[in-house]
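To start, the structure itself, in structure tokens.
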2 protein chains.
Amino acid sequence: MATRGRPRGFDREAALARAMEVFWERGFDNASLGELTRAMGINSPSLYAAFGSKEGLFQEAMALYVKTAGGGIWEPVDSLPTARDAIAHVLYATARAFTGHGQSRGCMIVLASPQAQGSNPSISGELERHRRGNRECLEKRLRRAVEEGELPDTTDCHAVATFYSTVQHGMSIQARDGASREELLGVADCAMSAWESLTRPA
Amino acid sequence: MATRGRPRGFDREAALARAMEVFWERGFDNASLGELTRAMGINSPSLYAAFGSKEGLFQEAMALYVKTAGGGIWEPVDSLPTARDAIAHVLYATARAFTGHGQSRGCMIVLASPQAQGSNPSISGELERHRRGNRECLEKRLRRAVEEGELPDTTDCHAVATFYSTVQHGMSIQARDGASREELLGVADCAMSAWESLTRPA
DNA sequence: ATATTTATGTATTGATCAATACATAAATAA
DNA sequence: TTATTTATGTATTGATCAATACATAAATAT
């Protein structure tokens, strides 16, 4: 398939990365097209030609976020040797990720559109599905640990996963409110200090 | 001061309560004036005559929220006999409050305008100040507990307060995502199970 | 009674939003 | 070359937003 027509005059990936930063910092609704095109260095017709719509651009930005900025957090969950390692990794990686990108603090998935009845239900719905997926990822890992004997079969995997997922969500708000990396690492410490009592045989 | 002029034709407090529900459910930006006036049963000139502006209406709605829906959570912190009682109260009261108001789930203070660079910085700033105030309320209570001998003076009050504040914020996201009261009470259980290790003498 | 004051309903304002129309530019295909 | 295809820049579209203008209604003050 040869390239027909006038070639694109901008770097699609670079422009998408710029858009991700804007969505991350401002959320879906508050990121205006003017702001997006300015950050991407293009005009709106180019944006629509390349990404279809503001919603389409956000979808791709979200995928890029999951793959890059938010990526290192969840991938290792299944490969780390113990459930404890996995959950500790999620919390500490979160503390680092949420405080390491300049102005963009906190999780895009949590902060981009928190209203369930937001202006774009399809966006809110997809973000919610993603958050639920992360929680289920933790719960699955805990169940595997029970099967493998790491944890007693009295462990309430659902409750423990919900707890750590809640802490991880809360760290987004704290990061947005200016919490330092040290403070978020401290939150992870505190959360992990509950591990023994949460996984003690009944 | 006698009442001059045509009397107001609607119940100001009732209208404000309706507005609070809309802001709570939809956030500041996504709550349109049309939606607000429809819920309040008035036209926009009446809204502006009574509340000044959308921002003014939100300020009053936020004050009402703090006094009513979110009120029982923080007031008892200073009067409860121990810091442990106080923090447990905050968490369990939060679990109940965030799941008991029909469609409005989660904390208005956390969810109404999460973007630090939102469309209305003054609103975002005030909400952030309020969240910080809640965290400081916990920290102050913990310091008092250290002074009174309830907790060892090795207790890291700042870290512990930040941790429980983070859990409380995270519960807003979980509630918005549909977590049940039982699940949030379970989160509170898990968080409190860290208490012993967090306050153990070094 | 008349004047004054405040509230209401209808209609509208300018601003901003996401999305496009249209003419032109820049590439390949024949 | 000429035709075709795709991208770009300028300008604009209709929709929606928060906020008001204006005439009228309903109360008190004198």
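Fair warning: this is a prediction, and the values are worked out from it, not measured in the lab. Per chain, numbering begins at 1; letters A, B, ... match sequence-line order.
Remark: P of dA18(D) and CZ of F58(B) are 14 Å apart, rounded to the nearest angstrom. Atom CG in L33(B) sits about 6 Å away from atom P in dA19(D), given to the nearest Å. Summarising the geometry, the separation between CZ on R8(A) and P on dA7(D) is reported as 6 Å, rounded to the nearest angstrom.
Comparing atom distances between the P45(B) side chain and each of dA21(C), dG9(C), dA18(C) picks out dG9(C) as nearest. Comparing dT6(D), dA19(D), dT8(C) by their nearest atom to the side chain of S44(B) picks out dA19(D).
Residue contacts shown for P7(A) are limited to sugar-phosphate atoms, with no base heavy atom under 4.0 Å away.
Residue S46(A) places no side-chain N or O under 4.0 Å from the OP1 or OP2 atom of dA7(D). Note on N43(A): a side-chain N or O is less than 4.0 Å away from OP1 or OP2 of dG9(D).
Distance alone, capped at 3.5 Å, places no donor-acceptor pair between the N43(A) side chain and the S46(A) backbone.
Checking E55(A) against S122(A) by side-chain atom types alone, a donor-acceptor pair falls below 3.5 Å.
Under the rule for a side chain to side chain donor-acceptor pair (under 3.5 Å), R141(B) has no partner lying at least two apart in sequence or in another chain.
Summary for the helix from dA1(C)-dT30(D) to dA30(C)-dT1(D): the axes at its two ends, each from 5 pairs, differ by 10° when rounded to the nearest 10 degrees.
You'll find the side chain of I173(A) reaches within 4.5 Å of the side chain of R131(B), heavy atoms only.
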